[in-house]
Amino acid sequence: MVALRTRFLTTATMGTSAAGKPHEQVDSVAIRFAGDSGDGMQLVGTQFTSTTALAGNDLSTLPDFPAEIRAPAGSLAGVSGYQINFSSNAVFTSGDVLDVLVAMNPAALKRNLKDLKEGGILLVNSEAFNAKNLERAGYKENPLDSNIVGAYRLFKVDITGQTLAAVREFKLDHRAATRCRNFYALGIVYWLFSRNMDATISWIQRKFSDKTLSEANLAALKAGFNYGETTEMFDHAYEVRKAEIAPGKYRNISGNEGLALGLMAASELTGLNLFLGSYPITPASDVLHMLSNMKHMGVRTLQAEDEIAAVCACVGAAYSGALAATTTSGPGMALKAEAIGLAVMLELPMVVINVQRAGPSTGMPTKTEQADLLQAMFGRNGECPLPVLSARTPGDCFHAAIEAARIAVTYMTPVILLTDGYVANGAEPWPVPDVSKLPPIPVKFRTETEGFKPYLRDDNLARPWAIPGTPGLEHRVGGIEKENLTGNISYDGPNHEAMCRLRAEKVARVANSLPPTLVEGAQEGDLLVLGWGSTYGSIAGGIHRVQLRGHKVGHVQLQHLNPLPNDLEDIMKRFKRVMVPEMNLGQLSVLLRNRYPGQPIHSHTKIQGTPFRETEIAKAITSLLEAN
Amino acid sequence: MVALRTRFLTTATMGTSAAGKPHEQVDSVAIRFAGDSGDGMQLVGTQFTSTTALAGNDLSTLPDFPAEIRAPAGSLAGVSGYQINFSSNAVFTSGDVLDVLVAMNPAALKRNLKDLKEGGILLVNSEAFNAKNLERAGYKENPLDSNIVGAYRLFKVDITGQTLAAVREFKLDHRAATRCRNFYALGIVYWLFSRNMDATISWIQRKFSDKTLSEANLAALKAGFNYGETTEMFDHAYEVRKAEIAPGKYRNISGNEGLALGLMAASELTGLNLFLGSYPITPASDVLHMLSNMKHMGVRTLQAEDEIAAVCACVGAAYSGALAATTTSGPGMALKAEAIGLAVMLELPMVVINVQRAGPSTGMPTKTEQADLLQAMFGRNGECPLPVLSARTPGDCFHAAIEAARIAVTYMTPVILLTDGYVANGAEPWPVPDVSKLPPIPVKFRTETEGFKPYLRDDNLARPWAIPGTPGLEHRVGGIEKENLTGNISYDGPNHEAMCRLRAEKVARVANSLPPTLVEGAQEGDLLVLGWGSTYGSIAGGIHRVQLRGHKVGHVQLQHLNPLPNDLEDIMKRFKRVMVPEMNLGQLSVLLRNRYPGQPIHSHTKIQGTPFRETEIAKAITSLLEAN
Amino acid sequence: MPTQTVYPNVVHTDPTGQTKQEFTSDQDVRWCPGCGDYAILAQVQKLMPSLGISRENIVFVSGIGCSSRFPYYMNTYGIHSIHGRAPAVATGIKAVRPDLTVWMVTGDGDGLSIGGNHLLHVLRRNVDVKILMFNNQIYGLTKGQYSPTSPLGKKAKSTPLGSVDYPLDPVSVALGAGATFVARTVDVNVKHIAETLKRASQHQGTAFVEIYQNCPIFNDAAFDYMTDKSTKDDHVLAMEHGKPLRFGANGEKGVALDASMRPQIVDVATYGEDKLLVHDETNEVLSLIVSRLRHPEFPVPIGVFRSAERPSYDRMMNEQVDAATKGNKKTLQQLLDAGSWTVT
Amino acid sequence: MPTQTVYPNVVHTDPTGQTKQEFTSDQDVRWCPGCGDYAILAQVQKLMPSLGISRENIVFVSGIGCSSRFPYYMNTYGIHSIHGRAPAVATGIKAVRPDLTVWMVTGDGDGLSIGGNHLLHVLRRNVDVKILMFNNQIYGLTKGQYSPTSPLGKKAKSTPLGSVDYPLDPVSVALGAGATFVARTVDVNVKHIAETLKRASQHQGTAFVEIYQNCPIFNDAAFDYMTDKSTKDDHVLAMEHGKPLRFGANGEKGVALDASMRPQIVDVATYGEDKLLVHDETNEVLSLIVSRLRHPEFPVPIGVFRSAERPSYDRMMNEQVDAATKGNKKTLQQLLDAGSWTVT
Ligand SMILES: Cc1ncc(C[n+]2csc(CCOP(=O)(O)OP(=O)(O)O)c2C)c(N)n1
Ligand SMILES: Cc1ncc(C[n+]2csc(CCOP(=O)(O)OP(=O)(O)O)c2C)c(N)n1
Ligand code: SF4
Ligand code: SF4
Ligand SMILES: [Mg+2]
Ligand SMILES: [Mg+2]
């Protein structure tokens, strides 16, 4: 994680490829495959990722889906991209700037060229740069003939034509034949990075039930690889050596997969049946899809009529003894507010997951953002406190889901877990945990009738979970203020005050169950960078860059946003300054300034629907340190 | 307002009543009529209020409705109360402790006795203290015979019996005859405070279309008065002299009336049709009722199917050129969040009124609270800023509604106005404004097609209001992020950041249109008490009490909570300390600490469903000052 | 990861011999004197012991409104949820606990104003919940605004000049949603309530029962025409499965379709009983025709409009899960391991 | 305070001579190639000039979904609102601006899942809005989950083992809500769309039109049985007012009620045309019976199920306001002064 990192093409050791062409060793590469929605870019991206993981690189990926379902072919709105950053050292994010851009058509070039670094490799499908596509992309003249591409190392390949030639023998119709071209492009890139294609070859063989199609795609893949090897265009290939990765079992995981698996693990650890009530919404829907596919694991999913019904069904399920969860994004979260308030009042456990997207209102559904933190904290009527968590990486989503469930059932409270589009769709290699070693989460339903009171609390201030089917514990709960202990309706003023403060105190006590906060980098010194959620990689990468220059910079990435960790104030005090980068207009800062009035907080914000770049963080840190 | 005030029975000047009994002059009296829901307490309360206002006292009133629709007769849940605080000096609140309690039955006694001050007058309907009623109220023995009432000046009157006797001649059935007893009680109280009964007499004559009923009630009223005059029980009456009130036209106004009238005034001042989309909810429903009764004034009201539909209808109405408003309380506010976000995105003017009640969840619908401030600020997904206002008194609701409308149409934004159950149901004499002197609110619909862009902004950063029916300005708006100026859909990152900051800046600029903030009391010194909304009276009264002791205490009651006034920081700096009393767990404090990080904020909170007492504020101030 | 038992492994009590008293909670009932809700409560409390289900296996769910206070008065499990959302809460219960018996109480506002959509969906899904909609054609708890079932022109707090919205008919809405059991009864007819609730309790799937209920405070006498001795015979049509549609003091009137397929009231003696419509709870066409008989043109039908069999959502959902888990050999660890590689 | 004119006092343009082109906005249409939405858009754009209403007086309102992108493509006023809420937005527009012509576009998810309640209420109120529900029996925009109109057992993203919810039928729901105009058409039958939209545009009050629409990406061929040349004759029943219900290549089949009042398919030649059901848009009984004819047992009816006259909500509301303001002499000042006294 803190290993030295050098960028592609800066460190170079030359070797020779098997087939004779020299290959250059580089430390780190960021590549993006971009094309039309129909071009299969997500597919080749994930193939390249698997191969790269197997090759032992550290890596991080990010798909860039078009906002439109399927915009017209060749249009800017229809561009789909897949980015992967891989290295022989630690990888923090999916990459700031691209070393390689593969552009399957003019629109893909137009949308993505700005992210390619000067001198970077630009591989284009020259055939697609015809008059029609140029017009659709809004190019007046062919950029390949202009100095727009002058700053890059341009490789024009007639990918379509070459693919058609490669698959001719299979006699596919034109459309099917053309659709093999993504594998042709992948073949070229495999060659370029000296990759072993075995994994992809066997994937193609498994995947295509149609034998002809399977062979055609294989042919295209190999033809692309051979093209790289044999043409004069590329004078050498590159190689990114294995990273030093702790031994163990790894898999690729996206954040949404992490959530789905984490909820299932929580179900196993608590011994409770998992129930998901959800309503589809970008970018959260995949959690619903994945869990719906887990009926064989005993998971029950309800695609509700709307977000309100989804969370209300969770109220019913939680009351009845299930581990209830609901997943959504911003607008759906707004709709759930009233019912979450009910769950707070009923003191029922529930995991509410908001995979944040850019707002306000419908906003930019496919873009990432962290602007729902204050909504999570305060977006309900009345004093309505609940724990709020976040997840920093795709793999962390797994653990955050378990932690959310732990808090929910231990404290009998709904918990909000915030992830975002970046962490949800991004993927990384993840050390697979041994389920038998995960700490169990003890849950005991109340059965003793003796002394039972629905709102009598334990040491955690949690009330008993007494579920239907238990003789003698019949009781009614509701959203009206309740009398302390008995839970009967009460309009008594001092009782109300006591209950409000009890509910707040219960949530505050969650902090007592947290492990010491991890400070990465400097443990004291000039600056603490305090982040939360998916900015983890950008901040870590940014700090990594500046620490090279000798500054004492520490990093805390908060998982728990409410309550904040007990030791946070002490940690903050060990640093001269605290910088809080957020993909919003400064929401965690609001909470910090309220909680630690003395502490000077420097809010650093960006709200563009995309993650921070490591360099942006580095620059912000530097200018803050230099303002010293 | 800042006049010296002495309490009932402390300053006493003896005189003689017309009928011969001596009367004592007192400065200030707080009295509460309490009885069963069916006992007509609200009615005699409002009668007493009118008469008191006509007599020239300053006053403030507060009804206390039972939380239940109509709980069983004689039950604690069914107790209904009406409190009035009146004085020959300035009145700040409806009164901390009672000087007089009228209790029509045991339940009323039980619920209210705790508020009667030691030595206060306790007038009870002795007939109602029978075994059945005692049991319903949960009394094991008759409190009138115990030392429970020992600390008070108890007057037992067989009000039921006396009433029946008084109305016997009208031959009413028993039930109808009994129902006259509230007027009998009122008669006694009128005598006790040396009141002229003319207004009530003519009200009864107007109100009862049934002649017999009218005469029976008159007879009961007069009998009660005569009872006071003739019995031996009271040795003297009291008199509260006229207050020094600025000359002019006054009327009684409740907060909800203020809102309804204020919205109508805003309609007139803007020249826009008023549209109210609402869904009934306690304690906001009366605004809907009142405006529904204003069809003859051109007001259109829609009782929608739910709160979401209510605010969405406002979106449609605002887009079409109406002055759109929606009224609700906490749970309904939660439901409106998503659509308010849409209005923020569409930049359409709209007044959203939250008559706050005690939460969370269903909470205590009939009780007051201020715990929806942070919800108003942050209760939506994404960065979704909008102006937030509050009203301090019933009469101020009128002006706050106009101010909300002014901001909405001037800045093309939804505005949230927060009132609460206390100010909504409380009433006070209010100087009736001269409509012709209210400043007009200029609104110009865009009609020029030349240069029209839906999101081109004026100096206030407001976009043009171009409504259907205008040729050449056809345009589409929606909740997806929009391109600056054109309003077209845009997923561009920097554009999104620019739009987020523009929306925030627009709201921030509202501060430039605000008058200097009024500081009451000391202009600098030891302590600034900074409140918002309905705590105005309690704080003013509390400060009034401590200032007597020479402390330099200033008072700012914020109307504008977002943006905060530009001069607030300077004002805060003129005081050593800032205390922020709130009927929640410290919500304004969160905003202040965020906005003015250096400033030490002392949060003082109470969350019991009832307003602060003046003495509570005074005590808090004193202990803060003494902690110096 | 096999399906866990979500409820504690306790010995359930024997349901036989339960009494009405045992189903009565210790909370004071907080409805106005004379409220129609009392009669319904009494009938429900009376019905419960006869179901053969122990108290602990019954859950009452409601939204917000006078009617929705109902669960507090039942000594069973219960949730007094939020306005309009009871169907969703009930669905959540049945999804994870098909073993429980769930009853739901709602009002005309709770169920058809704010909660209309959830009602549609619980009905179409056919979740095994018994729904009682107390229809007083008014918002009681918020003190007297017109509701979606108030007649056109209704003068109430928010409509001083009369409402301009056409009412929804709960039975028609339910049939439109594809409900499998739809019935109507009226608060004062305790025998009829009892029978109707019994029928509802026997239905597998969603049973929807509209109960006309008098609100003496805010909408008094709304149903007098059909409860008043002097008028009720001519204004109430008590449907019986397999019987011709007859009404009137001596069943002298009947309902038939005229030549143009429009319902008409006929004199049975002259028209002939065999030409009357014969009620058939299982035939949607009949259910639909009778559902559109409306006062004052027609007598108001009470009884069961429709009763059809169809597996319930919760049953199918749980069968799907059970079938899938039965064959499953996968462990969570295996799921986690999917697609993994090992770094050495 | 008299009713103000809320719209600027401008000279409206002459609606005659408007072209389809003028109703086409400058935004690129963003549906997938082959999406059924294109055909509907084209028909709507073609219809508009014939309505005799200037562009500036027309508002298109929608919720969220592929279908709900519709307003962006119409060069009229328009609101692309939030998911499910378009009926409420449209109601707000008509409440204050009955002079405007409002069309609403929604999907099966937008209109019947999250927005079901608003749909019920706009229909029962009979607000003068033309509603087009694009029913592709799938959630398009969120990439392929089953919707409330997907058939039971539908395998889609969130139901890999098949859905266990019974679908809602939009036409039945609309009729259950008391809709005054209910019709169904299908994307590929452009002539039928055109006729149906024309009829809808002429209706005073809410016109509800369900349009079966193919989503080639996530639910391809869902309606092939009724659009495919080889099968459509046997699977589509084109209703015509006053005509017997016949279908088949040569109208050789018909629909009649059997003795037990259940619909059946009959051979016209042997059964006799005079015994077929005769469609009557104005008779609710007929509307209801045909609404329940469902594929595959029956052919799918297209055309107008019901068309009834009833004053619209917006008209009644505005008439009430107009009548009240007409007689009014009260000023705002007088209202403020009510109950006032003077301190001197
Ligand atoms: C979100 C929300 N909106 C509004 C209310 C206020 N409210 C409570 S009950 C009710 C209507 C009750 O009518 P109905 O369902 O017919 O029940 P009834 O009281 O007549 O039995 C309303 C509007 C609320 N509690 N919550
Ligand atoms: C509050 C909210 N919840 C969920 C979504 C996500 N969402 C957008 S469109 C849609 C369903 C679209 O289905 P349908 O209405 O049938 O339209 P189609 O795309 O099929 O035309 C959903 C679930 C949203 N935008 N807002
Ligand atoms: S208000 Fe009406 S419905 Fe509510 S409890 Fe009273 S009588 Fe019953
Ligand atoms: S996803 Fe389906 S409905 Fe949506 S645009 Fe594409 S084809 Fe049309
Ligand atoms: Mg009701
Ligand atoms: Mg759809």
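Chain A is the first sequence line, chain B the second, and so forth, proteins listed ahead of strands; every chain is numbered from 1.
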What's the spacing between [X] [atom1] and [Y] [atom2] if we round to 0.5 Å?
| X | Y | atom1 | atom2 | value |
| --- | --- | --- | --- | --- |
| D/H83 | B/L342 | NE2 | CG | 14.0 Å |
| B/L302 | D/H121 | CG | NE2 | 11.0 Å |
| B/I253 | D/L336 | CD1 | CG | 7.5 Å |
| B/S320 | D/I79 | OG | CD1 | 6.5 Å |

Which bit of [X] is near chain D, if near means a heavy-atom gap under 4.5 Å: side chain, backbone, both or neither?
| X | answer |
| --- | --- |
| B/A53 | both |
| B/M345 | neither |
| B/D306 | side chain |
| B/A339 | both |
| B/S50 | neither |
| B/L473 | both |
| B/Y319 | side chain |

What residue in [options] has the most heavy-atom pairs under 4.5 Å with chain D?
| options | result |
| --- | --- |
| B/V311, B/V432, B/T301 | B/V432 |
| B/A318, B/P433, B/G479 | B/P433 |
| B/V443, B/N488, B/V477 | B/V477 |

Quick check: are there more than 12 heavy atoms from other residues, nucleotides or ligands sitting under 6.0 Å from [atom1] of [X]?
| X | atom1 | answer |
| --- | --- | --- |
| B/K207 | NZ | no |
| B/K444 | NZ | yes |
| B/R241 | CZ | no |

Mind checking whether [X] and [Y] have side chains closer than 4.5 Å, heavy atoms only?
| X | Y | answer |
| --- | --- | --- |
| D/W341 | B/P429 | yes |
| D/H118 | B/I308 | yes |
| B/T470 | D/Y77 | yes |
| D/D314 | B/R300 | no |

Exercise. Just one of B/E474, B/H475, B/R476 clears the side chain to side chain donor-acceptor pair (under 3.5 Å) bar with D/N75, so which one?
Worked result: B/R476
Exercise. Between D/I82, D/L335, D/T342, D/D337, which residue shows the highest count of heavy-atom pairs closer than 4.5 Å to chain B?
Worked result: D/I82
For this session: Measure distances from D/T76 to the heavy atoms of chain B and classify the residue's part below 4.5 Å as side chain, backbone, both or neither.
Result: backbone
Exercise. Is chain B contacted by the side chain of D/Y313, its backbone, both, or neither, given a heavy-atom distance below 4.5 Å?
Worked result: side chain
